[in-house]
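Inspection log for the structure reproduced underneath, given as structure tokens.
Computed from a predicted model, the values in this text were never measured in an experiment. In listed order, ligands and their atoms are each counted from 1.
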Amino acid sequence: MRSLTAEQFKILERLEIEVPSWAYGNTGTRFKVFPQPGVPRNPYEKISDAAQVNLYTGLANKVALHIPWDKVDDYQDLKKFAEDKGVQLGTINSNTFQDEDYKFGGLTHSDPRVRQKAIDHHLECIEIMNKTGSRDLKIWLADGTNYPGQDDMRSRQDRLTDSLSLIYKELSKEQRLVLEYKIFEPAFYHTDVPDWGTSYVQTLQLGDQAVVCLDTGHHAPSTNIEFIVMQLLRLGKLGSFDFNSRFYADDDLIVGAADPFQLFRIMFEVIRGGGLDGDSEVAFMLDQGHNVEEKIPAQIRSVLNVQEMTARALLVDSDALREAQLEGDVMAANDIFMDAYQVDVRETLAEWRASRGFSADPMNDYKNSGYASFIAAERIGGEQAGWGA
Ligand code: PSV
Ligand code: MN
């Protein structure tokens, strides 16, 4: 069995995956949300669940929050609570998609009052970041239109630039603005930040502390996502990933479930582009919703999938690959690439995790821990958290 070298394990050890607080709440489709027993009722309980993922895998030491879903009275207290559970508060995600005022947009709205409201929301997020110690403000905008002619796309783009620059200048030197793009939904005709190019242009105008978030579910079918990863890393603008997988649109399924080979190809480009180097600032996040499966095991499976595909990508013999590429040996180059993808690293990783004091078999150890029945019995009454505000 092929194993990783000590140096490769060192790189793998740098892989840290941030889990989203909203993955532990109830989610569903516009048709139905199926509630599950034991679902958290507040941000504290979400963090407790997230800490379980880290406990067994040692891979997920940060929890991303979504505002206003995760608003609390005392962020210092929430921070301390998280740290006591062995995790940190991570990225703050803004939300300008669930308020009546934002029907025709937020940061791009033609009405200065609504635009200011959306800007103020982001300034509030920065204030929260100052308390939680978060580095990243992640902005995804639902802004767009449903019908040709509905609004002037160019003016909206100009207003977006203005709004973002007002937010950007409130960041401290250590903080970043991370702009996420998405091809469509909820807007069906045009979206104001639909692709990496728009996100790149907008963040380039803002400055070095503005970078792009690549959500793997936010592209047209057949898009070569690893090409975008390569390009953004090359340009120094890849800020973060929102990992998930999809069969059709923004399905938010377990990362690596739909297309493990794509995950391998992405992680190969991450490594190739320095995204796992010691000084890399790329954040690896999950952005998923577990509608029918149990949430904590689904998150454990997700982080393990990323770890597995990263390990396989590390196994690509890059010297041999370069040689084959330079010789124009198509078959050899492809063989070298595929050879690493085909290696089953599960046992190697199980042993490695155990050697570092984590679980060899996180899925089973979590299952046998009794935590699921504990929270189901404990969390009676109150309102279960959901994706909605
Ligand atoms: C939008 O679809 C998105 O990917 C953004 O990251 C949001 O903040 C998130 O989903 C909410 O799940
Ligand atoms: Mn996302």
Side-chain angles (χ1 to χ4, degrees), residues 17-30 33 39-40 43 46 50 62-71 90-99 102 105-107 118 121-122 124-125 128-129 134 136-144 167 176-188 191-196 198-199 203 211-220 223 225 228-229 232 238-255 258 263 266 282-291 295 298-299 302 306 385-389:
I17 302 158
E18 198 169 326
V19 293
S21 68
W22 53 98
Y24 305 92
N26 286 321
T27 52
T29 65
R30 60 194 162 127
V33 174
V39 156
K46 291 181 196 174
K62 278 201 186 118
V63 190
L65 303 180
H66 219 294
I67 305 299
W69 301 339
D70 295 320
K71 265 189 164 186
T91 302
I92 298 295
N93 291 256
S94 64
N95 182 329
T96 53
F97 49 92
Q98 290 183 309
D99 187 292
Y102 301 136
L107 294 180
H121 166 67
H122 286 90
E124 186 194 357
C125 287
I128 293 172
M129 288 163 70
S134 304
D136 290 348
L137 169 64
K138 181 147 70 67
I139 306 179
W140 168 72
L141 303 171
D143 299 37
I167 298 165
R176 308 191 305 176
L177 185 158
V178 188
L179 186 60
E180 180 174 354
Y181 60 90
K182 176 172 172 174
I183 181 171
F184 86 105
E185 198 201 25
F188 293 124
T191 295
D192 291 300
V193 187
D195 49 29
W196 74 268
T198 306
S199 188
T203 54
V211 281
V212 177
C213 169
L214 185 158
D215 184 313
T216 50
H218 287 187
H219 309 84
T223 299
I225 296 175
I228 302 172
V229 172
L232 287 172
L238 182 63
S240 66
F241 281 97
D242 269 6
F243 279 126
N244 48 62
S245 70
R246 52 79 75 80
F247 287 99
Y248 298 101
D250 189 20
D251 304 349
D252 281 344
L253 299 173
I254 291 170
V255 57
L263 182 56
I266 289 172
V282 177
F284 300 91
M285 282 188 45
L286 304 180
D287 180 9
Q288 302 181 167
H290 305 298
N291 303 351
K295 294 156 201 309
Q299 291 278 291
S302 301
V306 179
W387 198 78

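- Of the N and O atoms on the side chains of Asp70 and Trp22, not one donor lies less than 3.5 Å from an acceptor on the other residue.
- Checking side-chain atoms of Lys295 against main-chain N and O of Gly25 turns up a donor-acceptor pair under 3.5 Å.
- Geometry at the Mn ion (ligand 2): OE2/Glu180 and OD2/Asp215 form an angle of 90°, nearest 10 degrees.
- At a 4.0 Å heavy-atom cut-off, the residues surrounding ligand 1 are Trp22, His66, Lys138, Trp140, Glu180, Lys182, Asp215, His218, Asp242, Asp250, Asp287, Trp387, listed by chain and number.
- Counted by atom type alone, Asp215 and Asn244 present one or more donor-acceptor pairs between their side chains at under 3.5 Å.
- Ser302 pairs by the side-chain hydrogen bond (donor to acceptor under 3.5 Å, both in side chains) definition with Gln288, not counting sequence neighbours.
- Here the N, O or S atom of Asp287 that is nearest to the Mn ion (ligand 2) is OD2.
- Between the side chains of Tyr24 and His290, no donor-acceptor pair of N or O atoms lies under 3.5 Å.
- Of the inter-residue distances, the one linking Met285 atom CE with Glu18 atom CD reads 5.0 Å to the nearest 0.5 angstrom.
- In this structure, CG on Asn95 lies 5.5 Å from NE2 on His66, to the nearest 0.5 angstrom.
- The atom name of the N/O/S atom in Asp242 closest to the Mn ion (ligand 2) is OD2.
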